[in-house]
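For reference, the structure discussed in these notes is given below.
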Amino acid sequence: MSPANPSTSSPRVAQRGSLFEPVQLGPITLPNRIAMAPLTRCRALADGTPGPMIVEHYTQRASAGLIISEGVNISRSARGYDLTPGLYTDLQVEAWRRVTQAVHACGGHIFPQLWHVGRVSHPDLQPGGALPVAPSAIQAEGTTSYTPSGFKPCPTPRALATDEIRTIVADYGRAARRALDAGFDGVEIHAANGYLLEQFLRERTNRRTDRYGGSLEDRARLLLEVAEAVAAVCGAGRTGIRLSPVSPVNASEPDRDPLNTYRYVVERLNALGLGYIHIIEGVTQGPRDVPGGFDYAALRNAFRGCYIANNGYDWHLAIEACEEGRADMVAFGRLFIANPDLVERLRLNAPLNEPDPASYFGGGEAGYNDYPRLVPHPAPR
Ligand SMILES: Cc1cc2nc3c(=O)[nH]c(=O)nc-3n(C[C@H](O)[C@H](O)[C@H](O)COP(=O)(O)O)c2cc1C
């Protein structure tokens, strides 16, 4: 395969099978095809360390084939929500080690989702009260940042200078190094939902005239440099990336030809040999169908690693997607909030608990670690 012309590489090998059967993700064999989707819950300590409550939360959900953690900030200036965890201090690494050890003790696997929010932030969260940064000085209208004094509108950000971008790529690489030091099995890069990497990728939020803006190749450059930097640290097979090709959340208007944009990205990711793409199909937490549609099969067929499907999946859709070969794995978000034993419940097609949106963000154990289980938790705890 020539990296200069990745689209000519051999087609992917579909891992058609049952949702409950093992699947190969890069070098890792996962016991089932059920992933826990990344879920920000704003329950970390003020210094960005995950405390005992978070250890308990992920331990409860360790029967997932793969846990993808909540968004984890790569640096202090990557933050857009108070009480979200980070991977930029030694203390954070120590704290995450307790999470990974507990998950591994239950036979689970866990990746952190590396996150930079870009313009979806507020000076109250930024070092020195600075403006948040973005590809261009375009405000995310109608969006809010969760500051220590509550939700506040996101201001017009400051456009990054070209030489600052190198620092951000390095921050991703360092956070990936810290993730391995903390015992994570790999890393997911958050390039979805209107945050920094998607702001660079999309035509409407990126008006740059340097090598990081303009053509599709230039808009995708930061995302690909980050993927390369993280893969260099973790190994490409242990690196995944989350994309939301048509989701408009966080004021992120999709491109006019999203399939063209994302097919290009995926073909370039092939050249790096990434382990998986994690695709939010439709509007995040909203309709799976959007006007004009989107050809997810084309994206899946263009990519040679695993395809993790997400958004609005239930028992029936998930089983069908795996058996018909439309996905290698399915990620569940809200169902994992409410069902720590989701894997066992899906296996039995048992009734599911309903999540309580009032306790999604912030607070304590209530609505976080107290959802009832059908079956006892596997030892050891
Ligand atoms: C409370 C909450 C927090 C979320 N946090 C994140 C996050 O940190 N990173 C991310 O990529 N998506 C996040 N999402 C989106 C979910 O990962 C998922 O895409 C969405 O819930 C749709 O999947 P579902 O229908 O299975 O819930 C969040 C969703 C919810 C409800």
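Counting starts at 1 for both ligands and their atoms, in listed order. Along the sequence shown, the residues carry numbers beginning at 1.
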Quick note on ligand 1: atoms under 4.0 Å from a heavy atom of G71 include exactly 8 (O)
Report yes if some heavy atom in the side chain of L299 is under 4.5 Å from a heavy atom in the side chain of P245; otherwise report no. yes
Would you call the rings of W115 and Y81 parallel, tilted or perpendicular, taking 30° and 60° as the class edges? parallel
Considering heavy atoms of the protein only, find what lies nearest to atom 22 (C) of ligand 1 and give residue, atom and distance to 0.1 Å. N311 OD1, 3.2 Å
Tell me: protein heavy atom nearest atom 9 (N) of ligand 1, and distance? Q113 OE1, 2.9 Å
Hey, is ligand 1 close enough to T284 that some N/O pair sits below 3.5 Å? no
So is G312 polar-close to ligand 1, meaning N/O to N/O under 3.5 Å? yes
Min N/O separation E70 to ligand 1 under 3.5 Å: no
Any N or O of R242 closer than 3.5 Å to N or O of ligand 1: yes
Atom 14 (N) of ligand 1: which protein heavy atom is closest, and how many Å away? P38 O, 3.4 Å
Looking only at N/O atoms, are R334 and ligand 1 under 3.5 Å apart anywhere? yes
Record the part of W115 in heavy-atom contact with ligand 1 below 4.0 Å; permitted values are side chain, backbone, both and neither. neither
If you measure from each non-hydrogen atom of L39 to ligand 1, which part falls under 4.0 Å: side chain, backbone, both or neither? both
Look only at interatomic distance and state if G333 has a nitrogen or oxygen under 3.5 Å from any nitrogen or oxygen of ligand 1. yes
Heavy-atom count around D289 CG within 6.0 Å, excluding the residue itself: above 12? no
Would you call the rings of F336 and F332 parallel, tilted or perpendicular, where under 30° means parallel and over 60° means perpendicular? perpendicular
Counting from 1 in the order shown, the ligand 1 atoms closer than 4.0 Å to a non-hydrogen atom of N193 are 10 (C), 11 (O), 12 (N)
At a 4.0 Å threshold, what atoms of ligand 1 neighbour a non-hydrogen atom of A37? 17 (O)
Any F336 heavy atom less than 4.0 Å from ligand 1: no
Within the supplied structure, the quantity of interest is the number of heavy atoms (other residues, nucleotides, ligands) at a distance under 6.0 Å from E354 CD; does it exceed 12? no
Heavy-atom distance to atom 1 (C) of ligand 1: which of Y313, Y360, Y195 wins? Y360
Below the 3.5 angstrom mark, is there an N/O of N310, backbone or side chain, next to an N/O of ligand 1? yes
Within a strict 4.5 Å, meaning less than it, do heavy atoms of the E70 and I54 side chains meet? yes
Can you check whether T40 has an N/O within less than 3.5 Å of an N/O in ligand 1? yes
Please check if the number of heavy atoms outside R158 that lie under 6.0 Å from its CZ is greater than 12. yes
Which atoms of ligand 1 sit under 4.0 Å from any heavy atom of F332? 26 (O)
F111 with L30, same ILVMFWY side-chain cluster at under 4.5 Å: yes
Would you say I165 ends up clustered with V117 if hydrophobic residues are merged whenever their side chains have heavy atoms under 4.5 Å apart, either directly or through other cluster members? no
Quick one: does any side-chain atom of R268 pair with a main-chain N or O of R221 as donor and acceptor, under 3.5 Å? no
Could you check, using the six-membered ring where one of them is a Trp, whether Y264 and Y262 have ring centers closer than 6.0 angstrom? no
Would you sort out whether R61 and D341 count as a salt bridge (Lys or Arg N to Asp or Glu O under 4.0 Å), showing the intermediate values? CA-CA 6 Å; R61 288 155 179 79; D341 53 351; over 6 Å; no
Among protein heavy atoms, which lies nearest atom 29 (C) of ligand 1, and at what distance? Q285 NE2, 3.4 Å
